[in-house]
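Report on the following structure.
Order of listing sets the numbers, starting from 1, for every ligand and every atom in it. None of these values were measured; they are calculated from a predicted model.
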Amino acid sequence: MSEEKKILYSGMQATNALTLGNYLGALKNWVNLNEEYDCFFGVMDLHSLTVRQNPTEFRQNARKLYALYVAAGLNPEVNCVYYQSHVPAHAQLAWILDCFTYMGELNRMTQFKDKSQKHSDNINAGLYTYPVLMAADILLYQTDVVPVGKDQMQHLEITRDIAERFNNIYGNVFKIPEGYIGKSGAKIMSLQDPTKKMSKSDENVNATILLVDDKDTIIRKFKKAVTDSDANIKYDVENKPGVSNLIDIYRCVSKKSIEDIEKEFEGKGYGDFKLAVGEAVANELAPIQEEYNRLLKDKVYIEKCIKENDEKAAYFANKTLRKAMKKVGLTEMIR
Ligand code: TRP
C-alpha cells in the first residue's frame, strides 16, 4: 500500500453464484480501478449471516467468491482481498458505532424494510444493524471511495453521517468516504424481463447468466432473450428495454460505443445480434472460468493468499480501531 494513492473499499456478500450483472456492474469495474487506488475487497460473510445460511454451502460459496475475485483480476498480491469475518475489528468497531447510530436512522433504511418483508419469519437484530457493520467495514480502512450500486447508496450516506457525528465529538478519527457509481453505469437487466434487474434468485433460469455458465448455456440463454417485434437494433431503454440491455452487455464486453454497435448490426436480425452478444460474453468469461477452476484446485495458493491478506487487512483495521477505542475512553489493554 502506498502513501499517495487514494483508498478504495468494496465487497460482496458470499451468498450465491455470481451473475453477469455482478460482474459487469461491479467486479469488472473494480478490476479497472485497481491501478488508480489502493484497494481493499472483502468477502462480506458477516453480512450474509443476516439471512439463514446452510453452513456447508455458505463456506463453499465464500471460498468460491474469493477465487472468483482473484480469477477476475483482483490480484491478491497487490490489492487486499480478504474475509471480513477474519478481521475481528469489523465486529468491534460495529459495536462502538452502534452506540452512535439512532434507531430512527435505521428505521428509514429501505433495504431493511424490503428484507423484513421478504424474511418476515427472521427479522433479526443483525438485519437491522446491517448498515452499521457496513459503516465499520468502510471506516476502518480510512476509505476515500466506495464503488457501490444504487441500492447501497443509502448505506453509504448513513456511513458518512455516523462518521461525521463521531468526528464532531472526538476530532478527525474517520475519513469521510465518497460513493462511486461506475462511469458506464452498467446495470444489467434480466434476459426474460428487461425491466427487472438480473438477479441470482430469479426463478427463471433463462433470465440470468451465471459467471460459471459454459459457452453453450450462455449462447442458448441469449438466443432466448426477450426483445420486441420490430427487428431494429437501436438503443432505446424506454421502448426497447430488451434490445437496449443486450446492447449494454455487448458494450461492456466489447468496449464499442452504442453508435458503433448500432452501425455494426444495421440491417441485421435479432438472431445474429443475440449470437454475437452471447459469443462475446462467453469469450470474455472463458479465461476467468479457467483461472477460477484452477484456483479452486490450488488450495495451497489460495490459503496462502487468504492468510496473508487477512493479516494485511487486520494491520490497517486495527490502527483505526485502536484510535476509536482510545477516543471514546475505553481502557487500553496492557500487553
Ligand atoms: N452491503 C453490500 C451489498 O450487499 C456488501 C457490503 C458490505 C459492502 N460491506 C460493504 C459494499 C462495504 C461496499 C462497502 O452489496
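Salt-bridge annotation for Arg63 and Glu303: present, with a side-chain N of the basic residue lying under 4.0 Å from a carboxylate O of the acidic one. Comment: Asp114 does not engage Lys118 in a salt bridge, judged by the lack of any side-chain N to carboxylate O separation of less than 4.0 angstrom. Contact check on Glu266 versus Lys263 returns no salt bridge, with no Lys/Arg side-chain nitrogen under 4.0 Å from an Asp/Glu carboxylate oxygen. In this structure, Asp310 does not pair ionically with Lys307, as no charged nitrogen and carboxylate oxygen lie closer than 4.0 Å. Salt-bridge check for Glu105 with Arg165: passed, with a basic side-chain N closer than 4.0 Å to an acidic carboxylate O.
Only the side chain of Gln152 comes within 4.0 Å of ligand 1, judged by heavy-atom distances. At a 4.0 Å heavy-atom cut-off, ligand 1 does not touch Leu133 at all. The proximity of Val148 to ligand 1, defined as any non-hydrogen pair under 4.0 Å, is limited to the side chain.
Listed by atom number, the atoms of ligand 1 under 4.0 Å from Ser10 heavy atoms are 13 (C). In the vicinity of Tyr9, heavy-atom distances shorter than 4.0 Å reach the ligand 1 atoms 12 (C), 14 (C). Interface of His47 with ligand 1, defined as ligand atoms under 4.0 Å from a residue heavy atom, comprises 7 (C), 9 (N). Taking a cut-off of under 4.0 Å to the non-hydrogen atoms of Val146, the atoms of ligand 1 that pass are 13 (C), 14 (C).
Tyr130 OH, 2.7 Å is the protein heavy atom nearest to atom 1 (N) of ligand 1. Protein heavy atom nearest atom 6 (C) of ligand 1, with residue, atom name and distance: Met44 CG, 3.8 Å. What sits closest to atom 9 (N) of ligand 1 on the protein, heavy atoms only, is Asp137 OD2, 2.7 Å. The nearest heavy-atom contact from the protein to atom 11 (C) of ligand 1 is Gly11 O, 3.5 Å.
No side-chain donor from either of Tyr102 and Asn107 sits under 3.5 Å from a side-chain acceptor of the other.
In this structure, CE on Met198 lies 7.0 Å from CD1 on Ile188, to the nearest 0.5 angstrom. Arg220 contributes atom CZ, which lies 6.5 Å from atom CG of Asn206 (distance to the nearest 0.5 angstrom).
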